[in-house]
There are 2 protein chains.
Amino acid sequence: MEEKLVENQPSRTTSERILDAAEDLFAAAGYSATSLADVADVVGIRTPSLYNHFRNKEALYGAVLDRLIVSFSSPLEELEQNQLTYEQVFEWLEKTVRQHHANPNLARLLQHAALSGGPHTDELIDRLFRPMFNSSQAIEGGGTPLLGDTDLQPWAVMAFNNLVMSYVTMAPMYSDVLGQDPFGEPALERQLKLIKMLLRAVFEYKGG
Amino acid sequence: MEEKLVENQPSRTTSERILDAAEDLFAAAGYSATSLADVADVVGIRTPSLYNHFRNKEALYGAVLDRLIVSFSSPLEELEQNQLTYEQVFEWLEKTVRQHHANPNLARLLQHAALSGGPHTDELIDRLFRPMFNSSQAIEGGGTPLLGDTDLQPWAVMAFNNLVMSYVTMAPMYSDVLGQDPFGEPALERQLKLIKMLLRAVFEYKGG
DNA sequence: GTTAATGACTAATAGGCGTTAGTATAACCC
DNA sequence: GGGTTATACTAACGCCTATTAGTCATTAAC
């Protein structure tokens, strides 16, 4: 792709700095409530200069989404090959939690898209959600259904995914009431502890 | 539950119809991405006519929030008086799920506020989230901590609340992949089944 | 050393935004 | 019936929006 011999932090290209700024702003306010003037302001250039790097606002948004999707879909891809085991689901869940914790922007962008639509929403579903449910069917095929009720299973997949993402998207609402930074290390460990506990409880639960 | 003497559709005041329209639109797009022109359009009047009923955009938004908060805080108020039991938590959860299912707009508005801020956000936290954690402390005081680890308890409260709300806010992302309307009656029953199962599993779970 | 391309800039467009002022019409009170 | 109130309207404002055109300096190619 591009060869950069020196460290990339000060030498980030303008396009990358635009993408970084746009990602944060789109994630915070959503597509239509984010103005190109805001983006340009963060980067430190004038608004029309953005058009030297991206065709228009929608293309910039698309580029932001694409970069995020690529960086987030690797844990699931590793899974999709083989048959799924209990431990693999555990691992995938932990990886996903840590990933969303490290960069909350994809969850935020997804939440905005789910609420308000906006460009590329269908593509978003296809590339992020559809594969998740293909994998979940693989568990079913394995012989041991995740739950007592098998047709509850996709709902469980949805629930756990929502759990991970809503932690990120709702965090500001709880940070006061929990008395600590939701994106700090201790909070991450507590969240992991809880979600693993929930998953184990679900696996161990049989009818009733 | 509610007594409707006459059919309320034609006899609603203009202010109420504005509130209805604004609620849907704010819930869908958030505060800043919703225009007063959109609201007026749905109601069927011209934009400046809105100012005969509400001081400005922010006041309209505030009125929408207030109406929703009032109608949603009753299940929790019933709980706060007495000591909390397992069955009461169960009941509260079911009530809350049904309520958000019947009107998803509060969850959507909350999600927008958590992501993007906007007016009245602090008030929103105080009136909706703070009471929930006061109640949860009452369980702790009761002698039987909800979880093996007691300082995990507010995190569990947050998790279950997120579970209920994210179902509503993320529903459009899953409706295709689940193959049914997320706000239909069968979907509601499945969601209830799953969430009750999760709660029971948490209650029964002891260490490990 | 000229040429070509890159990427910043200013200026300007058309349309949408929230909001205000002023006006007209219908329904009420006494 | 005259006066008051409520509620709709049109016209207009200043600001913000995405986008385009055109200009100029720096950089890379041959």
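Order of the sequence lines fixes the chain letters, A, B, ..., with proteins taken first and strands second; residue numbering starts at 1 for each chain.
Within 4.0 Å (heavy atoms only), S15(B) reaches no atom of the nucleic acid at all.
Identified under the salt bridge (charged side-chain N to carboxylate O under 4.0 Å, His left out) test for residues 19-44 of chain A, with sequence neighbours left out: R12(A)-D20(A), D20(A)-R67(A), E23(A)-R67(A).
One atom, CZ of F26(B), and another, C1' of dG18(C), lie 12 Å apart when rounded to the nearest Å. One atom, CZ of R46(A), and another, P of dC24(D), lie 18 Å apart when rounded to the nearest Å. Rounded to an integer number of Å, the gap from D38(A) CG to dT17(D) P is 6 Å. With rounding to whole Å, D41(A) atom CG is found 12 Å from dA18(D) atom P.
Which of dT19(D), dT19(C), dA8(D) sits closest to the side chain of T47(A) comes down to dT19(D).
Taking the centre of each ring, H100(B) and F72(B) come in below the 6.0 Å mark.
Within residues 49-67 of chain A, the residues having any heavy atom under 4.0 Å from DNA chain C are, by residue number, S49(A), N52(A), H53(A).
By the neighbour-count criterion of 12 heavy atoms within 6.0 Å, atom CZ of R98(B) is densely surrounded, having more than that number from other residues, nucleotides or ligands.
To the nearest 0.5 Å, the span separating CE on M173(A) from CZ on R130(B) amounts to 11.0 Å.
Side-chain nitrogen and oxygen atoms of T14(B) include at least one within less than 4.0 Å of the OP1 or OP2 phosphate oxygen of dA8(D).
Cation-pi geometry between K57(B) and F26(B) is not met at under 6.0 angstrom from the ring centre and within 45 degrees of the axis.
Under 4.0 Å is where a charged nitrogen must lie from a carboxylate oxygen, and between E123(A) and R127(A) at least one such pair does.
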